[in-house]
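Residue numbers start from 1 in every chain, and the chains themselves are labelled A, B, ... in the order their sequence lines are given, proteins ahead of strands. Hydrogens, waters and symmetry mates are skipped; everything else that's a heavy atom, side chains included, is used.
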Amino acid sequence: MSQNLETTYNPKEIEPRLYDKWLKGKYFHPEPDLSKKPFTTVMPPPNITGRLHMGHALDNTIQDIIIRYKRMQGFDTLWVPGTDHAAISTEVKVTNALKEEGIDKKELGREKFLERTWKWKEEYAGAIEDQLKKLGVSCDWDRERFTMDEGCSKAVEEVFFHLYDKGYMYRGSRIINWCPVCKTSLSDAEVEHEDQDGHFWHIKYPIAGTEDFLEIATTRPETMLGDTAVAVHPDDERYAKYVGKKAILPLVNKEIPIIADSYVDMEFGTGAVKITPAHDPNDFEVGKRHDLEEINIMNDDATINENGGIYAGLDRYKARERIVKDLEEQGLLVKIEPHMHSVGVHDRCHTTVEPLIKQQWFVKMDEMAKPAIDAIEKGELRFVPERFTKIYLHWLYNIKDWCVSRQIWWGHRIPAYYCENCGELIVAKKTPEVCPKCGCKHFTQDEDTLDTWFSSALWPFSTLGWPVETEDLKYYYPTNVLVTGYDIIFFWVIRMVFSGYEQTGVAPFDTVVIHGLVRDELGRKMSKSLGNGVDPLDMIDQFGADALRMFLVQGNAAGNDIRFSDKGLIACRNFANKVWNASRFIIMNLDNADLNTGTDSRTADTKYEDTEPDSHISENALALEKLSDIDAWIISASNNLVREVTDNMEKFEMGIALQKIYDFIWDEFCDWYIELAKYRIYHADEDKESAAAALSTLRSVLAKALKLLHPFLPFISEAIYEKLVPKDESLMITKWPQYSEKLSFPESEDVLEHLKEIVRGIRNIRRDMNVPVGRKATVTVVSKDKALCEALRAIEVNAHALCQANAFVIVENEPENPDDLVALAVKDAVIYMPLAELVDFEQEIARLSKEEERLTKEIGRAKGMLSNEQFLNKAPADKVQAERDKLASYETMLTQIKEELDKWKKKL
RNA sequence: GGGGAUGUAGCUCAGCCGGUUAGAGCGCCUGCCUCACAUGCAGGAGGUCUGCGGUUCAAGUCCGCACAUGCCCACCA
C-alpha cells in the first residue's frame with residue numbers, strides 16, 4: 001500500500017510556521033507585570049565552541065516544559081537565553097583555526113586575535129540560536145545575553161572590585177595547576193583525575209658524612225632536580241637518627257635537610273619522601289612549614305629550565321628517562337615497581353597538568369561558602385532530586401581558594417595595573433593617572449583574563465541588568481528554577497549560589513533541577529573522539545522536534561542518565577502521529593456536523609475544558625446535554641488526569657506526567673472513548689442530541705488533552721488546537737486546566753471498567769474458541785445493574801465493530817436455555833453466546849479451568865488475609881473492606897465458573 | 001580512601017504515601033489493509049523485582065549486610 005500523505009503528521013511543514021507565529025505574537029517576551037507573579041529561569045549558556053549536542057537538547061527541553069507550564073498557569077514567565085564565551089575552549093578552537101590558515105597566534109597579536117574571536121562568536125552564537133529555535137524553546141530572544149557583552153562585563157568588573165575591596169580577591173604566589181599545552185593556570189575544578197599505570201622508582205639518597213643511605217620512593221623522579229628536603233615521620237624509629245642531618249641530592253650533588261613531618265605515611269613506600277615544594281601541592285605545604293627553598297625547575301611548556309643543570313631543555317618525560325638512566329649508572333637506583341596512580345589532566349585538552357608556583361589571582365572562599373551552606377538548612381535552596389544536596393555540600397565543606405586568573409587572551413581582562421616604575425598594584429576601572437607611591441605616570445595592565453566561570457557565576461543577575469537596579473532585576477530576580485546537568489554543579493551552581501548571596505544578598509534561585517547525561521545506545525558518553533554523538537538537529541529533521549523532546553523526558557526519572565535510541569524516538573513520533581490522527585477524526589466529524597446542522601461547532605466554547613471556578617460549567621450545563629455514562633467517564637478521567645499531571649509537574653516529575661498523558665490519550669481516549677462514540681456520530685440522524693453530546697465531549701476532552709500536552713509537544717498541540725478552536729490566539733497562552741470536583745464522576749469510571757471487561761470477555765471467548773473473524777455471533781448480556789445496562793447501549797449500537805456481534809441483547813433475566821450457551825461472568829453481569837455459533841468444547845474447558853485456578857488462588861489469598869487477626873486489627877478499615885468485597889465477588893464468579901465447567905464436561 | 005547511584009520482562013526503562021492479579025515502549029508470537037491512524041487495531045507469551053537477613057498484619061517499595069556495574073570526590077609520595 002502506498003502511504004497516504006494526509007494521514008501522516010508532517011512536522012517539517014508545521015514547526016517553522018508555528019515558531020514564527022509565536023515570535024510574532026511576542027508570547028516569549030514578557031514585561032514586568034505587577035498583577036502577576038513572576039517565574040524566571042536563566043538558560044545555562046551554551047559555549048560558543050560549536051554545535052549543540054543532545055545534552056543541550058535535554059537541558060533546554062526540560063526548561064521549556066517548565067516555562068511553558070508556568071506560563072499557562074498565569075505566571076509572568078521569563079526565560080533568559082544566552083551564550084558563554086568559554087574562555088580556554090574557544091581560545092584553543094580559534095588558535096587551531098588560525099594555525100590551519102598558517103597564522104601564529106603570537107605573531108597575530110592580542111588585538112587582532114580578539115577581533116578574530118569576536119567574529120567566531122558572532123557566527124556560532126547565531127548558529128546556536130537557530131538550533132534552539134528548531135527545538136521550540138520559548139525563551140525571550142529580546143533579552144538574549146552573552147557573558148562578554150557590555151552588561152555582563154560591567155558586572156564582572158563590579159564583582160572584582162567588590163571582592164578586592166573586601167579582601168576576598170587577592171594576588172599571591174601559590175602552587176597552582178598548570179596546563180603546559182594551553183599555557184595557563186587552572187582551577188581545581190578544571191582538573192580531572194585519571195588512574196594511570198606508572199612506576200615507583202626507589203632511589204638512594206646518601207647521607208652526608210656517613211656511608212648510609214636513605215631510600216626514597218617516587219613516581220616522578222624528574223622532580224628531584226627541585227628537591228629541597230627529605231622527610232620522614234616524626235615517630236618513625238627507623239629514621240629518627242637521621243633527622244636533622246643532611247642528605248646529598250644525587251645528580252645535583254647538593255646537601256638538603258632531612259626533616260620530620262607527620263604528613264609522611266610510615267606504612268607507604270619506604271617511609272622516606274623527597275620534598276619538592278615547587279612541583280607538588282603537598283610538598284609545597286611541607287615546605288611552608290619547614291621554611292624550605294622552592295626551586296622551580298620547569299618552563300611553561302613543561303621542559304626543564306636552567307635550574308635543572310644538564311637536564312635543562314629536556315621535556316619532563318625525556319628528563320625522567322635520562323635521570324633514571326643516570327641514577328642506575330651511579331648505582332643509586334634500587335628498584336622499579338609498577339604502580340597505579342592518579343594523574344591530574346586538563347579537562348579540555350587532557351594534558352597532564354603540572355603543579356607549579358605562579359603569581360595568580362585568587363578568590364578567598366571560606367567566608368563566602370558559609371551562606372551557600374546555610375541556604376540548604378534555611379530552605380532557601382533545594383535540589384531536585386534531593387540526593388544532589390550532599391554533593392553540593394560536600395564540595396562546599398572542602399572548598400579551597402579559587403584560582404581565577406588565566407594566561408589567555410579571550411576573556412574578561414583583569415582590571416589591575418602595575419606601575420612601571422615601582423610595581424605598585426592598582427585595581428581600577430581605567431588606567432590610573434599617577435602612581436600614588438612613586439608619582440610615575442606609566443602603567444601596564446595585568447595581562448591575565450578571568451576564569452570563564454567567573455562571569456557565568458553572575459549569570460542569574462548580570463543578565464537582568466545588575467549592577468544597575470533595572471525594572472527586570474527588581475521584578476524577575478531572584479529567579480525561581482535552574483535546570484542543569486549534575487556534571488556542572490561544582491563549576492557553576494555552587495559559584496552562582498555564593499555569588500548571588502555575596503553580591504545580591506539572596507540565593508539566585510530557589511530550586512535546582514538536575515538532570516543526567518544523554519548516553520549512546522550502548523551507555524557510553526557521547527564524545528567526539530568516539531564519534532558516537534547524535535546531532536539533535538538530524539533527529540528533529542527526521543522525526544520532528546516534538547518527538548525528540550518527548551523522547552528526552554519520557555520514562556526517565558529526574559537526575560538519571562538517558563540512553564539514546566532511535567527506536568525510542570520512533571515510538572515518540574508514532575505517538576505524535578496518533579494524536580494527529582485522533583484529532584483529524586474529531587475535527588473532520590465536527591466539520592460534518594456543522595454541515596448537517598448549519599452551525600459552527602468549533603467556535604463554540606469547549607464546555608468541559610475550561611474549569612475555572614467562574615466559568616460556564618454547572619450542574620445545569622451537564623444536565624442539559626444528553627451526556628451518556630461514557631461521556632461522563634471520559635470527562636471524569638480527563639479531569640483526574642489534570643490533577644495527576646499537575647501534581648507531577650509541581651514535583652518536576654515530568655517523565656511521569658508525560659506518561660500519564662500518553663496513557664490517557666492512547667489507551668483511554670483513542671482506544672475506548674472514540675471507538676465507543678463512533679456509532680453515535682455516524683448515526684446522528686437517529687439521535688441528534690446524542691451525537692451532539694459525543695462531539696462536544698470529544699472536542700472538550702481533546703482540547704484539554706492538548707493543553708496538558710503542550711509543554712511537552714508544543715508544535716503538534718498548537719497545530720491541532722488552532723484547527724480545533726480557530727480563535728486568534730495561541731494554545732501556549734491559554735489557561736492550564738484545573739481539576740474540578742464538578743467534573744468528577746467516580747461511578748462512571750466503575751461502569752466503564754465493567755464495560756471494558758465485558759467487551760474483552762466477548763473477544764476472549766471468541767479467540768479461545770477459535771471463532772473465525774468473519775463469523776458473527778449473537779451476544780446476550782444479562783445484568784440487573786441499571787447504569788451498566790445503560791452504558792452497554794454504547795456497545796449495542798456498535799457491537800459489530802467492537803466485538804463482531806451480529807446481534808447484541810441486554811436483558812435482566814437469565815436465558816431459558818443456558819445449556820446451549822457459552823457463559824462468562826464479569827462482576828455483576830453474565831455474557832452468553834450461543835454454542836451453535838461457536839465451536840471448540842475443549843478450548844472452552846481449558847479457558848474455564850484456567851480461570852477457576854486463578855480465582856481459587858485469589859480466594860485463598862483473600863481468605864488468608866481476612867482470617868489474620870493482625871490484619872483485621874491493624875490494617876485500615878477501607879483496606880479490610882476492599883478485601884472482603886473482593887472475596888465476595890471472586891466467590892460469586894467462581895460458582896458460576898464451576899457450573900459452566902460442569903456443563904461443558906457433560907457435553908464432551 | 002570517601003560519597004552517592006544503579007540492579008524490575010529478551011532489550012531500554014517507569015513504579016508516588018508500603019496495600020487489587022508488578023507496568024510501558026521496543027522486540028517476539030497469533031489474527032486483522034474494521035470508512036482517524038499499518039507510524040495502525042485486537043490478542044498472546046515472557047518476571048524468584050540481584051542475594052541474604054530485619055521491621056511490619058502486609059515489602060519491588062523501608063532498614064542492614066553481601067554481590068555486581070557505572071559515576072563523582074580525594075594531596076598518599
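Not one side-chain nitrogen or oxygen of A:K274 sits closer than 4.0 Å to the OP1 or OP2 atom of B:A77. Within the structure, every side-chain polar atom (N or O) of A:Y392 is placed at least 4.0 Å from both OP1 and OP2 of B:G4. Considering only side-chain N and O atoms, A:R861 lies under 4.0 angstrom from the phosphate OP1 or OP2 of B:U21. OP1 or OP2 of B:A5 has not a single side-chain nitrogen or oxygen of A:R387 nearer than 4.0 Å. Within the structure, a side-chain polar atom (N or O) of A:H339 is placed less than 4.0 Å from OP1 or OP2 of B:A77. Residue A:K678 has a polar side-chain atom (N or O) positioned under 4.0 Å from OP1 or OP2 of B:A36.
When the side chain to side chain donor-acceptor pair (under 3.5 Å) test is applied to A:K660, no partner is found at least two apart in sequence or on another chain. Remark: A:H683 pairs with A:Y679 by the ring pair (Phe, Tyr, Trp, His ring centres under 6.0 Å) rule, at least two apart or across chains. Not counting sequence neighbours, A:Y673 has no partner by the ring pair (Phe, Tyr, Trp, His ring centres under 6.0 Å) test.
To the nearest 0.5 Å, atoms CG (A:N556) and CD1 (A:I656) are separated by 10.5 Å.
Donor-acceptor pairing under 3.5 Å, judged by distance alone, is present between the side chain of A:E675 and the base of B:A36.
Straight-line distance from the NE2 atom of A:H394 to the C1' atom of B:G1: 11 Å, rounded to whole Å. Atom P of nucleotide B:A77 and atom CD of A:E215 are separated by 16 Å, given to the nearest angstrom. Rounded to whole Å, atom P of B:C72 lies 20 Å from atom CH2 of A:W492. Rounding to whole angstrom units, CZ of residue A:F388 and P of B:C71 are separated by 15 Å. Remark: C1' of B:C37 and CD1 of A:I720 are 12 Å apart, rounded to the nearest angstrom. Atom CD1 of A:I562 is separated from atom P of B:G25 by 19 Å (rounded to the nearest Å).
Nearest to the side-chain atoms of A:D265 among the listed nucleotides B:C73, B:A77, B:A24 stands B:A77. The listed nucleotides are B:C75, B:C13, B:G19; the one nearest the side chain of A:N282 is B:C75. Distance from the side chain of A:K886 is smallest for B:U20 among the nucleotides B:C75, B:U20, B:A36. Of all nucleotides listed (B:C76, B:G70, B:G15), B:C76 comes nearest to the side chain of A:F268. When distances are taken from the side chain of A:R854 to each of B:G4, B:U21, B:A14, the shortest belongs to B:U21. The nucleotide whose nearest atom lies closest to any side-chain atom of A:R763 is, among B:G43, B:C37, B:G3, B:G43. Residue A:T219 places its side chain closer to B:A77 than to any other of B:C71, B:U20, B:A77. Proximity note for A:F490 (side chain, C-beta onward) versus B:A77, B:C72, B:A14: the nearest is B:C72.
Counting non-hydrogen atoms under 4.0 angstrom, A:G271 reaches a base of the nucleic acid. At a threshold of 4.0 angstrom between heavy atoms, the contacts of A:F669 with the nucleic acid are absent. Across all strands, A:D663 comes closer than 4.0 Å to no nucleic acid atom at all (heavy-atom distances). Using a 4.0 Å heavy-atom cutoff across all strands shown, A:M865 reaches at least one base atom of the nucleic acid. Using a 4.0 Å heavy-atom distance criterion, A:A557 is classed as a sugar-phosphate-only contact. Among the heavy atoms of the strands lying under 4.0 Å from A:W666 are primed sugar atoms or P, OP1, OP2 only; no base atom is included.
Outside the 6.0 Å centre-distance limit, the rings of A:Y486 and A:F383 are not counted as a close aromatic pair.
The same atom, P, is picked in B:G4 and in B:G40; the two are 44 Å apart, to the nearest Å. Look at the P atom in both B:A45 and B:U30: the space between them is 15 Å, to the nearest Å. With P as the reference atom, B:G23 and B:U48 are 15 Å apart, rounded to whole Å. The same atom, C1', is picked in B:A9 and in B:G3; the two are 33 Å apart, to the nearest Å. Remark: the separation of the C1' atoms in B:G51 and B:G10 is 22 Å, to the nearest Å.
Taking the 5.5 Å centre cut-off and the 30° plane limit, the aromatic side chain of A:Y9 is not classed as stacked on B:U39.
Taken together, the paired segments of RNA chain B that extend over three or more consecutive Watson-Crick or G-U pairs, each closer than 3.5 Å at both contacts, are B:1-3 with B:71-73, B:5-7 with B:67-69, B:10-13 with B:23-26, B:28-32 with B:40-44, B:50-54 with B:62-66.
Of all non-hydrogen atoms in A:V642 and A:Y739, the two that sit nearest each other are CG1-N, 3.5 Å. The shortest non-hydrogen separation linking A:G516 to A:D561 is CA-OD1, 3.4 Å.
Base orientation of B:G70: syn, the glycosidic angle falling within 90° of 0.
Counted by atom type alone, A:D566 and A:Q542 present zero donor-acceptor pairs between their side chains at under 3.5 Å.
The aromatic rings of A:H339 and A:F268 stand perpendicular to each other, their planes meeting at an angle above 60°, with 30° marking the opposite boundary.
Contacts classified as salt bridge (charged side-chain N to carboxylate O under 4.0 Å, His left out) and involving residues 541-558 of chain A (residues at least two apart or in different chains) are given here: A:K12-A:D541, A:D64-A:R549.
Within residues 568-578 of chain A, the residues having any heavy atom under 4.0 Å from RNA chain B are, by residue number, A:A571, A:R573, A:N574, A:N577, A:K578.
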